[in-house]
Amino acid sequence: MPKLSLVVPVYKVQGYLPECLDSILGQDCTDFEIIAVDDCSPDESGAILDEYAKRDTRIHVIHLTENVGLGRARNAGLEKATGDYVLFLDSDDTLSDGALSAVRDRLETTGDPEILIFDYARTYWDGRVRPNLRADLLKEEGPDTFSLAERPQLLDLLQIVWNKAYRRDFVTRTGLTFPPGYYEDAPWTFCSLISAERIAVLDRVCVRYRQRREGGNILKTVSRKHFDVFDQYQRVFDFLDAHEELTEWRGPLFRKMADHYLTILERPGRLPQDARAEFFHRASADYRARVPKGFTRPGGGRGHKYGMLERDAYTTMVSALAAVKLRQRVRTRTRTAINRSKRSAMGAFYQSQLRLPLDDDLVLFSAYWSRSVSCNPAAIDAELARLAPHMRRVWAVRADDADRVPKGVKVVRVGSRDYWAALARAKYLVNNVNFADSVVKREGQIHVQTHHGTPLKTMGLDQQKYPASTDMDFEKLLERCDRWDYSISANRFSTVIWERVYPCSYTSLETGYPRNDVLVNATSQDVRAARAALGLADGTKAFLYMPTHREYQPGFVPPLNLSRFARELGPDVTLLVRGHYFYGNSPHVAELRRTGRIIDVSGHARVEELYLAADALITDYSSAMFDYAVLDRPIISYVPDWDVYSAVRGTYFDLLQEPPGAVATTQAELLGLLASGGYDSPETTERRDTFRRRFCEFDDGHAAERVVRRVFLGEENLPPIVPFDERHHAPTPAQALELVERA
């Protein structure tokens, strides 16, 4: 049997769960088991648990058939635990390095106490870490073990279960279980502490307590569920009634009860406004029913509040809380003035448009900071025209890029009156990046964030770990993301990352990427038309070279000698070169246009047409690899600077170990692969198949339709994802030519 059993209840944490599990599995102490309880989570948390369990036999997964809540999920895990000690870890929190070794060693040196209490720290999305304000109570002073009577101040610690290790036979003997409802930690924590004869402490931070920016915390949820606290303290006092030997704890626990009730009343964002009086009267009834004989109120303002509870003086309490709110309003005056200034800076015209009704049939699209009509927004635009032709579709485009807009597309130039009017009045705003900070999210307006690639490199809040890669204001970033209503995802891998690095209140739509529909549905005629538009003759082998942006390089300097590359591959090979859009027109590539064997496609309007035309893709860290994989054509990863790129920008997986095909780290290796045909072999095909199943999970050719039906038409029953092995994709250039010759 293991020394330690960690019970991890899981519900709607797919963005944080891998980090939680990794923090446990990465411990230097290995004498543990994980009992992970999937509380009928509606996201991919259960699948993530199963994937981890396949890789590590110490993980045991329980899938509940209905959602039972945190307390009863913990009970289900507790029943399966076999370790000498049980620890509880919430699935969005993490263990610190070496935490389990420290727990194990302290248990041994203190002679296996019934409870070991250890420290924690709060961690925030912006990187801040705040220590436990009562960490002083965990000083390892005096006897190694003691009863609560010897250190009663431990009751002043936060009422939580996950900062303790419990000897399992003690839990069984005491009959401890978790009740349903909010504040389920209170009965367990109080009843265990007052029952234990031998308690020890560990003055070390073992848990990093995540303070989620959005959701996941009942303390930030307005609900009548906060009334559950009355049932929880009823259980505490029922336990005292059943154990006369513990009667000395009535006074201290009465004080904890009163403080807890007052906290719920005082903190904004918990009780609905129309439930506050009812809560107060119930709290007052509990106070009067349980106040111990001879009880002395605390001094100062706290004691005054105790008196209001005792007298059931709700009106007096309301007046006191109103005074607190007045002080809060004074503190926010500066912030309000700043916000008014920002609104004024937006312009009087925009302000006037914001006061007009929303236009329910108007959709404003933008892509790549309003540089083009492209990517996922363009695919959604086309499908919207098919399924909802009554809707008016407008694109925001910068003045400098307006000449590249396809014919028939209605445009508003960024900064113009028409632009601000569309931003203010369009019911739907669709973008693959964020709109500017100055854009106001109106009530009833719907923002769709399509993204523009599956992430290999770190994104959002994860970039805080790689400061050399960005000077981003992360607080501003999340304020922009707060406007999202929907986030489009091509695979579960992306969904998990987006929900963690952009922790805001949006709905993830796992539809596939709309821009990839054409890679599934294109015909042989489409493939040949794409090649003809580029001047590619029949029989010509076309390699599309798409290196990505590198933050540590000021411009596009291809890590290939393109002239030599074209010369050595011979006259039947054409290299299509597409620089990252950040670089614009590159003089270096322009010089090579005159060779005729290298075609600069950096300014090509639709990258999907380039994919259709190319026989194979050469790239490095670009998200192009995930899209091109839909075609099931060869992909070559040319990564001569992997060590530098992964260290400076950070990546979500090791491309050298999990590539979509062949890998080359030098130009000589790359030329050898292409000249020999080694880039297209049984081994590279197997790698590509594994890669495709992971990252092309939802790309079945119906992504745009799903988005339009869900977002614009309000349909809930969307076209199901076509099983992976039943999907088709566009023919290769060779297949397209063969079909034409047959005809």
Side-chain angles (χ1 to χ4, degrees), residues 133-134 137 148 152-160 179 181-191 193-194 217-241 246-333:
L133 297 179
R134 299 311 312 269
L137 299 178
L148 187 63
Q153 61 270 29
L154 289 175
L155 281 178
D156 292 333
L157 289 169
L158 191 64
Q159 301 157 24
I160 47 177
Y182 280 13
Y183 306 108
E184 73 291 330
D185 279 9
W188 176 289
T189 301
F190 291 139
C191 296
L193 285 174
I194 65 178
N217 190 338
I218 67 168
L219 302 185
K220 298 179 181 178
T221 305
V222 177
S223 171
R224 284 187 60 89
K225 290 287 290 179
H226 292 283
F227 279 74
D228 290 351
V229 73
F230 298 119
D231 292 335
Q232 309 301 15
Y233 280 96
Q234 180 66 55
R235 293 180 175 100
V236 171
F237 283 92
D238 285 347
F239 187 84
L240 286 173
D241 291 342
L246 300 176
T247 191
E248 63 180 297
W249 295 108
R250 287 188 178 275
L253 293 182
F254 174 80
R255 183 188 293 260
K256 299 302 296 185
M257 178 196 77
D259 285 343
H260 202 164
Y261 290 175
L262 288 170
T263 296
I264 294 172
L265 281 163
E266 293 168 345
R267 297 290 170 84
R270 296 201 189 181
L271 293 169
Q273 191 62 37
D274 59 2
R276 297 181 62 79
E278 179 187 352
F279 186 96
F280 184 90
H281 296 316
R282 287 193 60 178
S284 176
D286 275 6
Y287 186 103
R288 293 195 302 273
R290 294 177 183 149
V291 60
K293 292 181 180 180
F295 176 75
T296 302
R297 297 179 199 158
R302 202 65 175 167
H304 181 60
K305 293 174 183 177
Y306 274 46
M308 287 187 282
L309 276 179
E310 188 171 21
R311 298 191 305 275
D312 198 11
Y314 177 66
T315 302
T316 306
M317 174 65 80
V318 169
S319 299
L321 292 177
V324 171
K325 289 181 180 179
L326 177 61
R327 290 194 295 271
Q328 291 173 339
R329 283 198 295 270
V330 171
R331 285 196 295 268
T332 59
R333 279 179 182 171

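By convention here, the first residue in the shown sequence is residue 1.
By the 4.5 Å heavy-atom criterion applied to side chains, Phe237 and Asp286 are not counted as neighbours. Side-chain contact between Leu155 and Phe190 is present, with heavy atoms from C-beta onward closer than 4.5 Å. Residues Leu240 and Thr247 fail the side-chain proximity criterion, which asks for heavy atoms closer than 4.5 Å.
When the salt bridge (charged side-chain N to carboxylate O under 4.0 Å, His left out) test is applied to Glu248, no partner is found at least two apart in sequence or on another chain. Applying the ring pair (Phe, Tyr, Trp, His ring centres under 6.0 Å) test to Phe239 and every residue at least two apart in sequence or in another chain returns His243. Scored by the salt bridge (charged side-chain N to carboxylate O under 4.0 Å, His left out) test, Asp156 finds Lys256 as partners (sequence neighbours excluded). Partners of His281 by ring pair (Phe, Tyr, Trp, His ring centres under 6.0 Å), not counting sequence neighbours, listed by chain and number: Tyr314. Residues passing the side chain to side chain contact (heavy atoms under 4.5 Å, CB included) test with Pro272, sequence neighbours excluded: Val222, Arg224, Asp274, Ala275. Applying the salt bridge (charged side-chain N to carboxylate O under 4.0 Å, His left out) criterion to Arg297, with sequence neighbours excluded, gives Glu310.
Within a 6.0 Å sphere centred on CZ of Arg288, other residues, nucleotides and ligands contribute more than 12 heavy atoms.
Residues Val236 and Pro187 share a closest heavy-atom pair of CG2-CA, 3.7 Å. His226 approaches Thr221 most closely through the heavy-atom pair NE2-O, 2.6 Å. When every heavy atom of Thr296 is checked against every heavy atom of Arg255, the shortest pair comes out as O-NH2, 3.8 Å.
Side chain of Arg270 to backbone of Ser223: no donor-acceptor contact under 3.5 angstrom is found.
Taking the ring centroids of Phe280 and Tyr261, they lie at or beyond the 6.0 Å cut-off.
The aromatic rings of Tyr233 and His260 stand perpendicular to each other, their planes meeting at an angle above 60°, with 30° marking the opposite boundary.
For the residue pair Gln232 and Asp228, no side-chain donor N or O sits within less than 3.5 Å of a side-chain acceptor on the partner. Residues Tyr306 and Asp259 have side chains that bring a donor and an acceptor to within less than 3.5 angstrom of each other.
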